[in-house]
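Worksheet for the structure shown next.
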2 protein chains.
Amino acid sequence: MDEDAGPGTVRPGGRTARVRASVLQAAGDVLAERGFAQLDLADVARLAGVGKTTVYRRWGTVAGLVADLLAEMAEESVPRTETGSLLGDLRANADLVRRTLGDPRQGALFQAVIAAATYDERTAQALRRFYDARIAEWAPCVARAVDRGEAPAGTDPAEVIRAVSAPLYYGLLTAGKPPDEATAERAARAATAAARAGVFVR
Amino acid sequence: MDEDAGPGTVRPGGRTARVRASVLQAAGDVLAERGFAQLDLADVARLAGVGKTTVYRRWGTVAGLVADLLAEMAEESVPRTETGSLLGDLRANADLVRRTLGDPRQGALFQAVIAAATYDERTAQALRRFYDARIAEWAPCVARAVDRGEAPAGTDPAEVIRAVSAPLYYGLLTAGKPPDEATAERAARAATAAARAGVFVR
DNA sequence: CCATTATTGGAACTGGAGACCCGTTACTGT
DNA sequence: ACAGTAACGGGTCTCCAGTTCCAATAATGG
């Protein structure tokens, strides 16, 4: 009746931690250099200098590995800058997203995660958790802007943040190209204009 | 030195057309009922009442099959309604996208296509062609709005249309849920507000 | 330091996706 | 109507992703 959450949970130190680190490292390398389609667990194991059995036992599938990779990245919280204006803050957010999607490792990871999330529920959950965290971190910017009177009362902060990211991800997925500075700037300005107009009032 | 574009191109009529139709039908069924992860070529062949060899020969991979499925869908052009105002037209566009993504078959297909496009170049091209066509069809709405003075001169019509779709796709991919009426309405209003504010001026 | 046992990893095994062969079917131009 | 051949499809084979087994290794608590 007791659910043990698989290997690596009882003795997570020493070798186990090293194995996890080198497997995630190798998986990230493959993803950045060769892409999602080439991500093969046996291959990752070989590159990581780790037994194939271990990788299958702990991650099971490509989707599972990718989900763990995302969880790893979610750890590093990027410090949020506060500029004093809604446009300035959203611009900073758009630029963060742009840099994330433009980075070879992180950009490739996000494409992989989104692809995997369309068919794997665990990856989809990891993805949702990641966005919830990011949005929770940035929502206060919008709340402040509302307090300052830059947007109408009742504006939904989360929706505004999502509105900034949306066109950047959309471009990456449908055009296959990471966003440039101009696109990021446009996204920030569009979200600001819409928020000012009261579109995101609940 | 001559590139023949594979089987089905020299004698596309009769049986060949029937085979293609029933394979695409079966593939759509599997996609809608069981999802992308369960889309197996041998399985599709069996359901379509067609030889496994034929499916492998003509489509080769799951991504290739999905790309063809999208091309098939792109054929049916949806008549565009003209409402006389920018907001009205963008609302109509947002609603079209909402209904597309909400439809069991088409929604599942889009998730599959976007997933496949992240790693398969042919699928990515098919996707880009589809969006180029859709955007070309709707761009005139925005051009008219500019003529009417609803948006500043120099506004990029394609960017406005993309701005409508972006949040709807973003929600589907990151939250895993097709957009509802309220979300579509918000997308149309946000794009309108941003366009009016001159965000999409080139 | 030692006993316990969680975790690893080599090796052998298996199932099924996908390639191949070749006889059959039926589309197409004349 | 008919010849020529494009396209189909059943049967067979290959190869490798993923599983299983168990002995070796090392993390952890006392």
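Proteins get letters first, then strands, A, B, ... in listed order; numbering begins at 1 in each.
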Distance, rounded to the nearest Å, where B/Arg46 contributes CZ and C/dG18 contributes C1' = 16 Å

Could you grab the distance from atom CD of B/Gln111 to atom CD1 of A/Ile114, nearest 0.5 Å is fine?
-> 11.0 Å

Heavy atoms under 4.0 Å, any strand shown: does A/Thr54 hit a base, just sugar-phosphate, or nothing?
-> base

Rounded interatomic separation in angstrom, taking CZ from A/Arg18 and P from D/dT25 = 15 Å

If you check every side-chain atom of B/Arg15, which of C/dA17, C/dG9, C/dA26 has the closest atom?
-> C/dA26

Winner on side-chain proximity to B/Val50, out of D/dG18, D/dA6, D/dG9, is D/dG9

Atom pair distance, as rounded to whole Å: CG in A/Leu41 and P in D/dT19 = 9 Å

Reported SG-to-CZ distance for the pair B/Cys141 and B/Arg80, which is rounded to 0.5 angstrom | 4.5 Å

Measure the distance from OH on B/Tyr56 to C1' on D/dA7 and round it to the nearest whole Å.
-> 19 Å

From CZ of B/Arg58 across to P of D/dG9 the rounded distance in Å is 10 Å

Rounded to the nearest angstrom, tell me the gap between atom CG in B/Leu65 and atom C1' in C/dA17.
-> 15 Å

Ignoring hydrogens and angles, answer whether the base of C/dG18 and the side-chain atoms of B/Lys52 contain a donor-acceptor pair closer than 3.5 Å.
-> yes

Between D/dG18, C/dT7, D/dC8, spot the one nearest the side chain of A/Thr9, thanks.
-> C/dT7

Pick base, sugar-phosphate or nothing for B/Arg20, based on heavy-atom distances below 4.0 Å to the nucleic acid.
-> nothing

Atom-pair distance (CG on B/Asp40; P on D/dA17), nearest Å | 17 Å

Between CH2 of A/Trp59 and C1' of C/dG9 the distance, given in whole Å, is 14 Å

Please figure out whether A/Gly51 or B/Thr16 has its closest DNA chain C nucleotide nearer the 5' end.
-> A/Gly51

Between B/Gly8 and B/Thr53, which has a closest nucleotide on DNA chain D that is more 5'?
-> B/Gly8

Out of curiosity, B/Leu168 CG to B/Leu173 CG, how far, rounded to the nearest 0.5 Å?
-> 11.0 Å

Map B/Arg11 and B/Arg57 onto DNA chain D by nearest heavy atom, then report which one ends up closer to the 5' terminus.
-> B/Arg11

Classify the ring geometry between B/Tyr131 and B/Tyr169 as parallel (under 30°), tilted (30 to 60°) or perpendicular (over 60°).
-> perpendicular

Could you give the distance from CG (A/Leu86) to CZ (A/Arg91), rounded to the nearest 0.5 Å?
-> 10.5 Å

